[in-house]
Amino acid sequence: MRALACALDEIVPPSSDGRLPGAGEAGLAEALAAQPDLRPALLEGLALLDELARGRGAGGFVDLAPGDHRAVLEETVERAPGFLPGITAQTFVAYYQVPRVRETLDLQTRPPYPEGYAVEPTDFSILDPVRARERFYRER
Amino acid sequence: MADEPVDVLIIGAGASGAAVAWSLADTRMDILCLEQGDWMNPAEYPSTGDDWELRSQTDFALSPNARGRVTDYPVNDTESPISISNFNAVGGSTVLYAGHFPRLKPSDFRTRSLDGVGDDWPIDYATLEPYWAENDRMMGVAGLAGDPAYPPKEVPLPPVPLGKLGETVARGFNELGWHWWPSDSAIATREYQGRAPCINLGPCLTGCAQGAKGSTDVTYWPLAERNGVRLATRCRVREILVGDDDMAKGVIYHDAEGREHRQLAEIVILACNGVGTPRLLLNSASSRFPDGLANRSGLVGKNLMFHPYGMVLGLFDERLNGHQGPVGCGIWSHQFYETDPGRGFVRGYSFEMTRGFGPVTTALWGFLNGRLPRGAGHHEAYAALSDRLAGLLAICEDLPEPENRVTLDPELKDSDGIPAPRIRYRLSENSQRMLEHGTARASEVLKAAGARETFVEAPLGMAGWHLMGTCRMGRDPERSVVNEWGRSHDVKNLFIVDGSLFVTSGGVNPTSTIQALALYVADRIKKNLGNLFD
């Protein structure tokens, strides 16, 4: 799980001002690992990350020097082309459902129903130029 | 197992099935509707939960293949750049539609005479006018009278507010001096016939939990049932039976447990949409109709028309509150609707404004379009996209072409073992040119409105919402499947009331016209009851 969290923090890192967590820090590793459809691809991808890390002399992906995680992650594209795009899409989807993230970004933090949203009535004087037009459909 | 015979059997409880059922209830005939889906429970619609965006990709996906509900049937649309989007339930695809509710125009009924393409309809705009008006009242249509793009008409309810996004786009049209107008929308903008008013939830395409959107489960069906029409759900019709006299005798259907039933009827009405109806007719081949029931013309399933959609998104610098308000109901433009030979194509298209990119949808769109990187720069890129996208859809008229068609798939079957439809469709040169023109003009509008960048997708792959033309109406039995009031030329007690009837597609969403046609056919049935089968 540490390796996955580490990878997720490379995909969505913490914001530079510290207001937004990285995707791993936000606890998404557990959420993604719990998805049965994702599990085989995740296990395969994580094994590859460890293998590539060992090729660089590290004990595993988590043991890499801080600057090397991203490079190793990108290296997976050649041998497991679907892994990184797949995990990226799933991470983005999960990240923007995290309440803390939404709240920080001033996004919806509740379902649309039942409160809905108030929309100001429209001042339809904006239509005046169109109202001034002649009818322009073909009659017959 | 045989059920008691009925006077009228309607197959399908969607847009057209509901309208024809309600209208025929006047006759006090014994009317039964068989629907393969269930009643929906609005309390379970996605907008009631935190995962509302995700469910538009799973159990409320537009494609029946993606949803995979037991109430759906699969569709092989691998040979089409546009995939089928429909829904099977009481209310049919109106459960998931946007409620954008334009009518066809006078010229749409005479494309052969006016522009030398397609065919003229056997009816005209004036014929349908009273039925559009009646349907607007039944569905609860909001809008604004006075649109110079249409003959004069009344609208029962005040328009949907445009919101910041809509007003922004409207200013773009005004800047260019082009037509726009608040859309006719099947959305109750105030309390209307027992329906609660719209509260701007946003995701109309996954069902309206408020009940403000005019889907036929909340409009026609309660009234039709009160007037005596019986509606049976989870009943999937496999085949229409026909006698030696070439009259329909009834149907064979499967119930929820897969048990087979035989339902006899004096009149059979098909309301299964432009794919489901030809599928059922082709599945009803017999010794008397070896090429499919009611198919002596050979036209059942042919001339399939979608509306090829071109989508243009504009990226703005400021937030647009795009999640507030009905996703597809705000503005339409018919500036480029009528033929202008100088444009390089015949016929035309309309624009429909869209909004409603939620947080997750924005992230996915950014990822798929290379606008949202992983790693460094991610947060800055997301901030630049979030709530800053506005869309315009170019809805292009599709011309009828016999090569574009619905057939039966030789292998794919639904959960009852009934052969599934197979779609073969290619985009015509005319449609391609129209899409290019439409997306270029949409980009101009959005830039005039202040967009700093625009993004084009055409044709929109998941936009097979509008299914038309596969059992066209006409006076000549060799060139049409049904007559000018929806009765099969070959089987005198068989009627069709759905989008299959369309002779040409027009360049606007078809539901309003589909339902007007259903009411018109019902009216003709009522007026001709004494000699209906002559």
Side-chain angles (χ1 to χ4, degrees), chain A residues 8-17 19-20 22-23 69-70 73-74 84-85 87-89 91-99 101-102 104-124 126-140, chain B residues 45 47-54 105-107 110 114 124 144 146 148-151 159 161-163 166-167 170-171 173-174 177 179-182 198-203 209-210 321 323-325 334 337-338 358-360 362-364 366-368 372 374-376 378-379 382-383 386-387:
Chain A
L8 298 187
D9 274 338
E10 292 297 325
I11 292 171
V12 180
S15 62
S16 52
D17 61 6
R19 293 172 68 228
L20 289 163
H69 292 110
R70 178 65 193 270
L73 202 54
E74 298 293 341
L84 188 53
I87 194 176
T88 300
T91 303
F92 286 2
V93 165
Y95 186 76
Y96 289 100
Q97 292 183 79
V98 174
V101 171
R102 289 197 183 209
T104 304
L105 293 173
D106 193 23
L107 301 171
Q108 301 146 272
T109 53
R110 59 169 172 84
Y113 187 84
E115 286 179 61
Y117 303 96
V119 177
E120 289 291 313
T122 302
D123 173 2
F124 279 109
I126 193 174
L127 256 182
D128 287 348
V130 192
R131 284 194 174 104
R133 285 183 69 150
E134 297 288 320
R135 296 198 176 277
F136 66 100
Y137 57 88
R138 286 190 286 182
E139 281 285 359
R140 293 279 175 243
Chain B
Y45 283 155
S47 65
T48 61
D50 287 325
D51 56 353
W52 59 276
E53 284 186 273
L54 291 187
K105 293 171 185 275
S107 73
R110 299 188 66 233
L114 291 172
D124 60 12
L144 197 62
Y150 273 101
L162 302 184
E167 291 177 21
R171 281 194 290 274
F173 280 108
N174 280 353
H179 168 264
W180 68 276
W181 202 260
C198 177
I199 51 173
N200 304 300
L201 298 175
Q210 173 78 346
N321 299 333
H323 60 289
Q324 301 176 358
H334 292 183
Y337 197 87
E338 305 283 5
V360 173
T362 300
L364 267 181
F367 170 65
L368 293 171
L372 190 58
R374 41 181 178 259
H378 175 88
H379 295 293
Y382 188 83
S386 180
D387 193 25

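To find a chain, count down the sequence lines: A is the first, B the second, and so on, and within it residues start at 1.
- Looking at R133(A), the atoms closer than 4.5 Å to chain B (heavy atoms on both sides) sit in the backbone and in the side chain alike.
- With a threshold of 4.5 angstrom between heavy atoms, P99(A) does not approach chain B through any atom at all.
- Listed by chain and number, the residues in a salt bridge (charged side-chain N to carboxylate O under 4.0 Å, His left out) with E134(A) amount to none (sequence neighbours excluded).
- Contact annotation for D106(A): both backbone and side-chain heavy atoms come within less than 4.5 Å of a heavy atom of chain B.
- Contact annotation for L73(A): neither backbone nor side-chain heavy atoms come within less than 4.5 Å of a heavy atom of chain B.
- For chain A, the nearby parts of P151(B) are the backbone and the side chain; heavy atoms of each come within less than 4.5 Å.
- Of the listed residues (F173(B), Y150(B), Y337(B)), the one with the most heavy-atom contacts under 4.5 Å to chain A is Y150(B).
- The parts of D50(B) that come within reach of chain A are both its backbone and its side chain, each placing non-hydrogen atoms under 4.5 angstrom from that chain.
- Looking at L162(B), both its backbone and its side chain come within 4.5 Å of chain A, counting heavy atoms on both sides.
- Partners of F124(A) by ring pair (Phe, Tyr, Trp, His ring centres under 6.0 Å), not counting sequence neighbours: none found.
- Heavy-atom distances place the side chain of P129(A), and not its backbone, under 4.5 Å from chain B.
- The contact between H379(B) and chain A is made entirely by side chain atoms (from C-beta outward), counting heavy-atom distances below 4.5 Å.
- In this structure, R102(A) forms no cation-pi arrangement with Y382(B), as its terminal cationic atom is not both closer than 6.0 Å to the ring centre and no more than 45° off the ring axis.
- Only the backbone of A118(A) comes within contact range of chain B, with heavy atoms under 4.5 Å apart.
- No part of L368(B) comes within reach of chain A, as not one of its non-hydrogen atoms sits under 4.5 angstrom from that chain.
- Under the 30°/60° scheme for interplanar angles, the aromatic rings of H378(B) and Y95(A) are found to stand perpendicular.
- A donor-acceptor contact under 3.5 angstrom links the side chains of R374(B) and T88(A), judged on distance only.
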